[in-house]
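Each remark here refers to the structure printed beneath this line.
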Amino acid sequence: MMVGSVDQRTSNVIGVASVFLDNSFNAMAFAGMHRAARERGYQLLLSYGSPRSIVERGAALRRVAGWIAMYTIDGLEELISDGTPAVIFCAPSMGARCPVVRAENRDSTLRLIEHLIGLGRRRIAYIGKASSDDFIERGAAFDEAMSARGLEADLNLLSSFHECSIVYTEQRLKELLERYGKLCDAIVAGNDEMAIGAIHAIRACGYRVPEDIAVVGFDDISAAQHCDPPLTTMRQGPELLGRVAVERIIDLIEGRAPEQLVTRVPAELVVRRSCGSPAWEALLPAEAAGEDPGEWQRDLLRRMNAVLEGPTHLQPGERSPVWPEAEVISRGLGAALAGAEMPEVIELERAFAAAVAYSDRIEVLVAVVGQVEEAAARQLAGATAPDVARRVKTFLHRARLAQQRALAASERRGVRSLERLVRANMDISRLLSPGQAWFDERLLWLRHTAVRVGCLALWANDRDPHEPELIIDSVHTSDPGVAALVGSRYRAGLFPPPELLAAASPDEPSGYLVMVPLMNGRRDWGALVLGGLHVESFADNLQPMTMWVSLLVAAFERHDMEAALHAERDMLAAAYERERALSSTVRELGCPVIPLLPGVLLISLIGAIDGARARQIMESVLSGVAREGARWVLLDVTGVPLVDAETAAALVQTAQATRLLGARVSLVGVGPRMAQSMVELGIELRGISIFQSLAAAIHQLTRRAG
């Protein structure tokens with residue numbers, strides 16, 4: 001296995017290449033990555049796209065010490081061709097060079113099938129995204145489990161689904177149910193979003209969940225516990241997956257070979273009503289029965305952390321608690337038993353708020369309080385003070401109230417997040433309308449979000465394909481040092497600058513940068529970089545960012561189209577002015593008034609004669625006659641291509657007007673073709689003498705003068 005050393009140009013940045021950002025599973029995985037990176041002194045930079053697209057754009061290539069490739073290895077060989085180490089996250093192996101971290105798909109699927117069979121389900125279907133390696137693994141495990149139990153695996157519908165979203169699954173499964181009826185009595189979905197979409201489709205077709213068709217999923221995203229009915233699922237532990245991936249890449253960066261090539265992260269079965277089972281009950285830690293009476297507070301703290309975190313099975317040794325704030329609760333129960341001053345509700349609420357930030361699963365938080373109640377019951381069994389039961393009852397009431405307030409506060413933050421999202425979307429939509437907004441602060445809409453730092457970087461117009469540069473167009477920040485970056489240029493490989501990484505508030509759970517390309521099938525404008533994105537954000541995930549990027553790309557497209565239209569309009573206006581000037585010149589040159597002999601004017605006509613030209617000829621003839629005192633006007637029509645009724649009428653009118661001034665008009669240059677046209681049109685030129693050539697006209701005039 002190749003182990004690369006840290007390139008000093010890349011500092012301590014871990015790059016994550018992910019083709020998916022906008023779902024809850026990824027948000028939790030990124031949070032786990034960030035926590036693990038910070039513990040080891042590293043920073044996290046998420047790049048939206050496949051390894052191949054990152055290589056093609058070149059951004060951050062020299063900033064990153066090691067890569068985590070999520071869900072695809074397309075282009076990974078090129079990305080790490082310079083020896084940069086990489087870890088593969090939930091994607092196929094590339095051999096001994098890159099360790100792989102992924103979920104335990106086989107055992108998880110077997111447990112789900114066993115659970116459904118234990119509930120009496122026999123006709124079980126599997127749905128998943130056909131192009132996902134994880135879903136393919138789960139599909140293979142589904143076939144294995146069904147065959148091992150003598151059941152038909154003919155409802156492995158993996159090839160029938162090409163997306164894994166709620167809306168797509170609802171639409172596709174509804175089509176199948178309407179075509180084939182109640183084709184199964186249980187559905188195993190490849191992820192929770194597909195499972196929720198399946199529930200919607202089943203109910204839309206008039207069936208009940210779980211009475212008619214049970215539904216189970218994978219991942220245990222936040223929405224799983226809030227859908228109707230709450231979803232039974234395999235909790236894949238995305239935070240743990242992210243943590244393990246970071247630990248593996250840091251080992252490679254620092255020159256340590258991993259102990260194993262493939263790490264499988266186990267899952268936890270979370271049973272809820274969507275499969276028809278009784279409500280889920282949190283499992284007590286195995287050590288609960290052997291509690292040391294002298295260490296009960298320490299043991300309670302450990303057990304509350306174990307329930308909150310769930311089983312990991314990866315690091316059996318001593319670990320730092322995920323919920324150190326629980327000490328307030330164990331200490332408070334001790335104070336109630338001892339008759340000391342108990343913590344107030346607000347202090348307990350702050351402790352529970354930290355638990356909610358780690359996991360908002362209602363059943364887990366209820367189980368945590370259950371641990372406190374059981375510890376209180378055990379301690380009360382040996383208590384002798386007369387009022388100790390009353391004090392413990394008061395403390396437990398405060399603990400339950402604090403837990404409910406912490407949950408309610410989390411929900412309120414979610415509502416406020418939605419309100420901010422609406423305001424941000426209204427603000428960003430201004431960029432799509434014509435006006436000054438596009439030329440003002442383009443990231444002003446971020447003021448309505450929880451984003452701590454934002455940066456809009458555009459490719460330089462003088463882009464060098466070998467060393468392209470990004471120019472920081474605008475920033476959203478309260479840090480003057482970051483604000484001063486506007487206008488700075490960076491080579492793509494060294495972008496984003498260290499100031500942006502530091503400004504993302506790295507000590508927060510979401511204190512990392514996310515870099516998303518601003519591009520479509522026609523053009524690549526640059527990148528949007530956001531830091532501290534999903535604290536109190538919509539649906540606890542990264543969906544707003546995808547929407548914002550789409551709106552920004554639309555705004556860029558509109559601006560480019562408007563600029564092109566303005567340029568085309570200016571070009572047409574300039575062409576019109578040139579045409580008008582040329583027409584004026586042609587008119588002046590096309591009707592010159594030349595004094596040929598004393599009292600004789602020659603006017604040579606060139607080109608077709610329309611109404612406007614006829615008026616010009618008449619004006620030129622009359623003004624020339626008046627100015628020169630002419631008695632004779634020769635209209636040379638040699639350059640006129642044809643004479644039609646309109647042209648003849650114009651000539652007759654000119655002759656009539658000229659006679660009113662006491663002068664005569666003669667046509668010069670009437671050839672055989674023109675004469676034939678006049679005859680065919682029945683044109684009579686009364687009072688107008690005709691000469692075949694100018695020489696003939698001059699000869700006749702000089703004879704008369706003689």
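Sequence positions, counted from 1, serve as the residue numbers for this chain.
Across all non-hydrogen atoms, the minimal contact from Pro497 to Leu485 is CG-CD1, 4.1 Å. Cys164 and Phe135 make their closest contact through CB-CE1, 3.7 Å (heavy atoms, listed as atom of the first residue, atom of the second, distance). Contact record, Leu500 with Val453: CD2-CG2, 3.8 Å, taken as the closest heavy-atom pair. Leu44 and His34 make their closest contact through CD2-N, 3.8 Å (heavy atoms, listed as atom of the first residue, atom of the second, distance). The two atoms that bring Gly49 and Ile54 nearest to each other are O-CD1, 4.2 Å, heavy atoms only. Contact record, Ala503 with Arg452: O-CB, 4.4 Å, taken as the closest heavy-atom pair.
Tyr490 places no side-chain N or O within donor-acceptor distance of the main-chain N or O of Ile471, the cut-off being under 3.5 Å. The backbone N or O of Gly526 sits less than 3.5 Å from a side-chain atom of Arg57, completing a donor-acceptor pair. In this structure a side-chain-to-backbone donor-acceptor pair under 3.5 Å is missing from Thr169 to Ile166. Without hydrogens or angle criteria, Arg63 side chain to Pro496 main chain gives a donor-acceptor distance under 3.5 Å. Judged by distance alone, the side chain of Asp74 and the main-chain N or O of Pro51 form no donor-acceptor pair under 3.5 Å. With Ser693 contributing its side chain and Ala696 its backbone, the two residues share a donor-acceptor pair below 3.5 Å. Checking side-chain atoms of Asn520 against main-chain N and O of Arg523 turns up a donor-acceptor pair under 3.5 Å. Looking at Ser132, its side chain never comes within 3.5 Å of a backbone N or O of Lys129 through a donor-acceptor pair. Using a distance-only test at 3.5 Å, with no hydrogens or angles considered, a donor-acceptor pair links the side chain of Arg631 to the main chain of Gly662.
For Thr638, the side-chain hydrogen bond (donor to acceptor under 3.5 Å, both in side chains) partners at least two apart in sequence or on another chain are Asp636.
Thr84 and Trp67 form no side-chain donor-acceptor contact under 3.5 Å, judged by distance and modelled atom types alone.
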Could you check Met194 against Glu163 for side-chain contact (heavy atoms from CB on, under 4.5 Å), going step by step and ending with a plain yes or no? CA-CA 9 Å; Met194 295 190 78; Glu163 295 182 24; over 6 Å; no
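Here the CZ atom belonging to Arg664 is positioned 9.5 Å from the CZ atom belonging to Arg659, to the nearest 0.5 angstrom. Taking CH2 of Trp548 as the reference point, atom CG of Leu528 lies at 9.0 Å (rounded to 0.5 Å). From Ile688, atom CD1 reaches atom OG of Ser666 across 8.5 Å, with rounding to the nearest 0.5 Å. Here CG of Leu173 is found 11.0 Å from OH of Tyr168. Values are rounded to the nearest 0.5 Å. Atom CZ of Phe25 and atom SG of Cys90 lie 5.5 Å apart (nearest 0.5 Å).
Using a cutoff of 4.0 Å between basic side-chain nitrogens and carboxylate oxygens, Glu562 and Arg558 are scored as salt-bridged. Arg52 has a carboxylate O that lies under 4.0 Å from a charged side-chain N of Glu78, or vice versa, which qualifies the two as a salt bridge.
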